[in-house]
Amino acid sequence: MIHIYGIPNCDTVKKALDWLKQHKLEFTFHDFKKEGISEAKLKAWTKVIGTDVLLNKKSTTWRGLTPDEQVAASSAKGAIILMKEKTSVIKRPVVEWINGTITAGFDEAKFSSLL
């Protein structure tokens, strides 16, 4: 089963959810705001796709951080701590595909290629 992680009111997450529904794919949804995210899950994701992909440095949350907080997030450990505390800085949605692939963000072509 496909597992999708994000925030339900995020436009990009909405697009991804709509795409999955349109293609009649079964999935579970994990709401970062209600359920948080574990450090273990963040570590697993960063091993596969890296913090450069997972940490959304274009987000409003990132821009609102102090320079010291941004510097602290430059290491993998610091980025994981930040993403655990402020889930809004994670690029959304994160999708765990049936074949084990992990993606962050919505790209219709990429999603199609993973079917």
Side-chain angles (χ1 to χ4, degrees):
M1 173 146 333
I2 297 168
H3 301 284
I4 186 165
Y5 298 78
I7 299 168
N9 65 344
C10 170
D11 289 339
T12 308
V13 171
K14 287 178 187 178
K15 287 177 189 174
L17 291 173
D18 288 345
W19 189 91
L20 291 169
K21 290 173 188 172
Q22 180 184 20
H23 288 82
K24 296 178 174 55
L25 297 170
E26 288 189 37
F27 63 90
T28 60
F29 180 73
H30 180 102
D31 185 340
F32 285 145
K33 293 298 181 188
K34 290 183 181 175
E35 303 173 66
I37 193 68
S38 72
E39 186 173 329
K41 182 63 74 176
L42 290 167
K43 284 181 179 178
W45 290 343
T46 57
K47 282 183 182 175
V48 176
I49 62 175
T51 55
D52 289 345
V53 172
L54 199 56
L55 185 62
N56 186 358
K57 293 184 178 180
K58 295 178 182 177
S59 72
T60 304
T61 303
W62 176 263
R63 291 190 304 265
L65 297 175
T66 66
D68 288 342
E69 288 173 314
Q70 290 179 353
V71 168
S74 63
S75 70
K77 183 178 179 181
I80 288 169
I81 291 168
L82 175 65
M83 290 185 284
K84 185 169 176 11
E85 291 174 3
K86 299 179 190 259
T87 56
S88 295
V89 80
I90 300 171
K91 186 168 185 165
R92 301 178 300 267
V94 176
V95 183
E96 295 175 335
W97 296 88
I98 295 167
N99 67 3
T101 299
I102 297 171
T103 59
F106 176 66
D107 178 332
E108 191 170 344
K110 179 72 172 175
F111 275 38
S112 292
S113 74
L114 292 168
L115 289 183

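By convention here, the first residue in the shown sequence is residue 1. Computed from heavy atoms alone, side chains included, the values below leave out hydrogens, waters and symmetry copies.
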Using side chain to side chain contact (heavy atoms under 4.5 Å, CB included), reason through L82 and L65 one step at a time and then give a plain yes or no. CA-CA 10 Å; L82 175 65; L65 297 175; 3.6 Å; yes

Where do L25 and L115 land on the side chain to side chain contact (heavy atoms under 4.5 Å, CB included) test, with the steps shown first? CA-CA 9 Å; L25 297 170; L115 289 183; 3.2 Å; yes

Criterion side chain to side chain contact (heavy atoms under 4.5 Å, CB included) on M1 and T28, from CA distance to verdict: CA-CA 7 Å; M1 173 146 333; T28 60; 3.6 Å; yes

Decide yes or no on side chain to side chain contact (heavy atoms under 4.5 Å, CB included) for I80 and K77, but give the supporting numbers first. CA-CA 5 Å; I80 288 169; K77 183 178 179 181; 5.9 Å; no

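One hydrophobic cluster, built from ILVMFWY side chains closer than 4.5 Å, holds both F27 and I98. Residue V13 is grouped with residue V95 when hydrophobic side chains (ILVMFWY) are merged at heavy-atom distances under 4.5 angstrom, including chains of intermediate members. M83 is connected to V53 through a chain of hydrophobic side-chain contacts under 4.5 Å among Ile, Leu, Val, Met, Phe, Trp and Tyr, so both are in one cluster. Tracing side-chain contacts under 4.5 Å through hydrophobic residues (I, L, V, M, F, W, Y), one reaches V94 starting from I37; they form part of the same cluster.
Note that CG of L55 is 9.5 Å distant from CD of Q70, once rounded to the nearest 0.5 Å. Here the straight-line distance linking atom CG of D107 with atom NZ of K15 works out to 11.5 Å at 0.5 Å rounding. We find the CD1-CD distance between I81 and E69 to be 12.0 Å, quoted to the nearest 0.5 Å. Rounding to the nearest 0.5 Å gives a distance of 14.0 Å between CZ of F29 and CD1 of I2. Rounding to the nearest 0.5 angstrom, the gap separating the NZ atom in K58 from the CZ atom in R63 is 10.5 Å. Note that CD1 of I4 is 4.5 Å distant from CG of L17, once rounded to the nearest 0.5 Å.
Counting heavy atoms from C-beta outward, F32 and R92 have side chains that approach closer than 4.5 Å. Residues I49 and T103 have side chains not in contact (no heavy-atom distance under 4.5 Å, counting atoms from C-beta outward).
With sequence neighbours left out, H30 forms a ring pair (Phe, Tyr, Trp, His ring centres under 6.0 Å) with Y5. Taking W62 as the reference, nothing meets the side chain to side chain donor-acceptor pair (under 3.5 Å) condition, with sequence neighbours excluded.
One side chain, S88 or K33, offers a donor N or O that lies under 3.5 Å from an acceptor on the other. At a cut-off of 3.5 Å, with distance as the only test, no side-chain donor of D68 or T66 sits close to an acceptor on the other residue.
Residue P93 comes nearest to F106 through the heavy atom pair CD-N, 4.0 Å, listed as atom of the first residue, atom of the second, then distance. The shortest non-hydrogen separation linking W19 to S112 is CZ2-OG, 3.5 Å. Taking all atoms of both residues into account, the shortest heavy-atom contact from T51 to A76 is CG2-CA, 4.1 Å.
No more than 12 heavy atoms of other residues, nucleotides or ligands lie within 6.0 Å of CD in E26, so this atom counts as exposed by the packing criterion.
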